2 protein chains.
Amino acid sequence: MGRQAEKSEASIASVLDVALELFSSQGFRATSMREIAAKSGLSVGNLYHHFPNKEAIFRQLIERYWERLLDPDLRLNRLFAEARFPDDLPEMAAAIEEVVEANTPYILLIYVDVIEFGGEHIRAFYDNMSERFEAAYGERFRRLREEGRIGDVDPLVAVMVASRWFFYFFTVEKCFGVPMHFGMSPRQAVDEFIRLIRRGLEPRPDDATGAV
Amino acid sequence: MGRQAEKSEASIASVLDVALELFSSQGFRATSMREIAAKSGLSVGNLYHHFPNKEAIFRQLIERYWERLLDPDLRLNRLFAEARFPDDLPEMAAAIEEVVEANTPYILLIYVDVIEFGGEHIRAFYDNMSERFEAAYGERFRRLREEGRIGDVDPLVAVMVASRWFFYFFTVEKCFGVPMHFGMSPRQAVDEFIRLIRRGLEPRPDDATGAV
DNA sequence: CGGAACCTAACGATCGTTCGGTTTTTTATG
DNA sequence: CATAAAAAACCGAACGATCGTTAGGTTCCG
């Protein structure tokens, strides 16, 4: 199975692409099988030959998103694996921007899931978030603490806040269609976020007066 | 218009309540006028006597959410008006938790709007966010800076990050149905967030060694 | 009496899904 | 390699249900 199945695999991929576009831009119930069939150049009957029902298409899309997010070759995942937080904050922001940019419709799909399926699928993502971060960063943070390189803030909370915040910020920028919602360019906003996470709001004795 | 209109006003309010519940739990297109009519004890014909069409109900709900958010008596808005940031961070977190708790279905409505209406209505909320915060906090922050009570982080960015982050955090907790998604109680998580915003991740000279 | 509130029934369209059948591809056999 | 049988891919029409909205009428109330 390789050559001979190529055409049908291409068709199925096309169906999924079309369905992703439609589901993410108008919702699950508002998207009809006829619309998916027409836009992907298949007949309705054939569509049901490849998928048992409409929800199966949706489920498969959610699964595809999962696979994309867990891909070890993803820049963000390589970054998590390297565990250089907080030294890599700028790279983390850039990697998350990349993820959001490359998965805009999938991210919207999550909100479709929250609304129309009660958040069945999103839960798995958030549920064990703290465990996954602990697995990736726990050891490093214990070492950093021994070296006195960590203040009185829990770095595990900090890395979760940072990554979730970047993700949310770019989601609003790119998926909700509200660019510059912080009144400045994303690049500048990210710089400010990183400074806040690193330095905190309270002045430090070693601060310059006003910091240009 | 007061007494004699009471019954119909009660009906309309009931319609809006029912529609809010349905729209926020299954989406706009997935909710039928018949369902709204049945659950609010009206006939379909009478429903169309009070609203020109389905979208008008949705629009009215968005409008009601706006009014609730802008209510000057809202604890969060009184807090913004007092402009005591960052001294009031704990109260701000509590006030935002209160807002999210009291408006859970309305918040979900925003995501319905993003998906099914291309985010027509959410934009107005985010669009002038930075201006509104500048109007509320600009003067205070300039004074604080003169007093040397502000470090090298832009406090206007900080107050926007803080409030948006609290809002997002409680939205995931209460609207997406993923409680404890930081692996700790909301109270404890909020404490950590506040410490992060105030102190930053980098150790300070005046830090205690490990800070229990 | 007049208008607002309210009702049921119906219209035309569209929905998810199924059905019966044709075409194309794969596989097995001589 | 030719070819028949089996399997997979594919199609448009149709089914029963439901959709948003309207029509035409009755009831309530000042």
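A note on names: the letters A, B, ... follow the listed sequences, proteins ahead of strands, and every chain is numbered from 1. Heavy-atom basis, side chains included; hydrogens, waters and symmetry copies ignored. Bear in mind the structure is a predicted one, so any value in this text is a computation, not a measurement.
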For [X] and [N], give me the distance from atom [atom1] to atom [atom2], rounded to whole Å.
{"X": "A/Ile12", "N": "D/dA9", "atom1": "CD1", "atom2": "P", "value": "7 Å"}
{"X": "A/Phe51", "N": "C/dG16", "atom1": "CZ", "atom2": "P", "value": "15 Å"}
{"X": "B/Tyr48", "N": "D/dA23", "atom1": "OH", "atom2": "C1'", "value": "14 Å"}

**Item:** Nearest-nucleotide comparison on DNA chain D, the residue closer to the 5′ end among B/Gly45 and B/Met33
**Value:** B/Met33
**Item:** Salt bridge present between B/Lys39 and B/Glu21 (N-O < 4.0 angstrom)
**Value:** no
**Message:** With side-chain contact (heavy atoms from CB on, under 4.5 Å) as the test, pick out the partner of A/Leu20 among A/Val15, A/Ile57, A/Leu61.
**Reply:** A/Leu61
Let me have the donor-acceptor pairs involving side chains of residues 157-166 of chain B, under 3.5 Å, with sequence neighbours excluded, atom names and distances please.
{"from": "B/Ser163", "atom 1": "OG", "to": "B/Val159", "atom 2": "O", "distance (Å)": "3.0"}
{"from": "B/Ser163", "atom 1": "OG", "to": "B/Met160", "atom 2": "O", "distance (Å)": "3.3"}
{"from": "B/Arg164", "atom 1": "NH2", "to": "A/Tyr168", "atom 2": "OH", "distance (Å)": "3.0"}
{"from": "B/Arg164", "atom 1": "NH2", "to": "B/Tyr126", "atom 2": "OH", "distance (Å)": "2.9"}

**Message:** For the NE2 atom of B/His121 and the CZ atom of B/Arg123, what is their distance to the nearest 0.5 Å?
**Reply:** 10.5 Å
**Asked** So which nucleotide from C/dT17, D/dC11, C/dC11 ends up closest to the side chain of A/Lys54?
**Response** C/dT17
**Item:** Residue B/Leu42, side-chain atoms from C-beta onward, closest of C/dC6, D/dC11, D/dT21
**Value:** C/dC6
**Request:** With heavy atoms under 4.0 Å as the rule, sort B/Ser43 into base, sugar-phosphate or nothing.
**Result:** base
Has [X] got a side-chain N or O lying under 4.0 Å from the OP1 or OP2 atom of [N]?
{"X": "B/Asn53", "N": "D/dG20", "value": "no"}
{"X": "B/His49", "N": "C/dC6", "value": "no"}
{"X": "B/Asn46", "N": "C/dA5", "value": "no"}

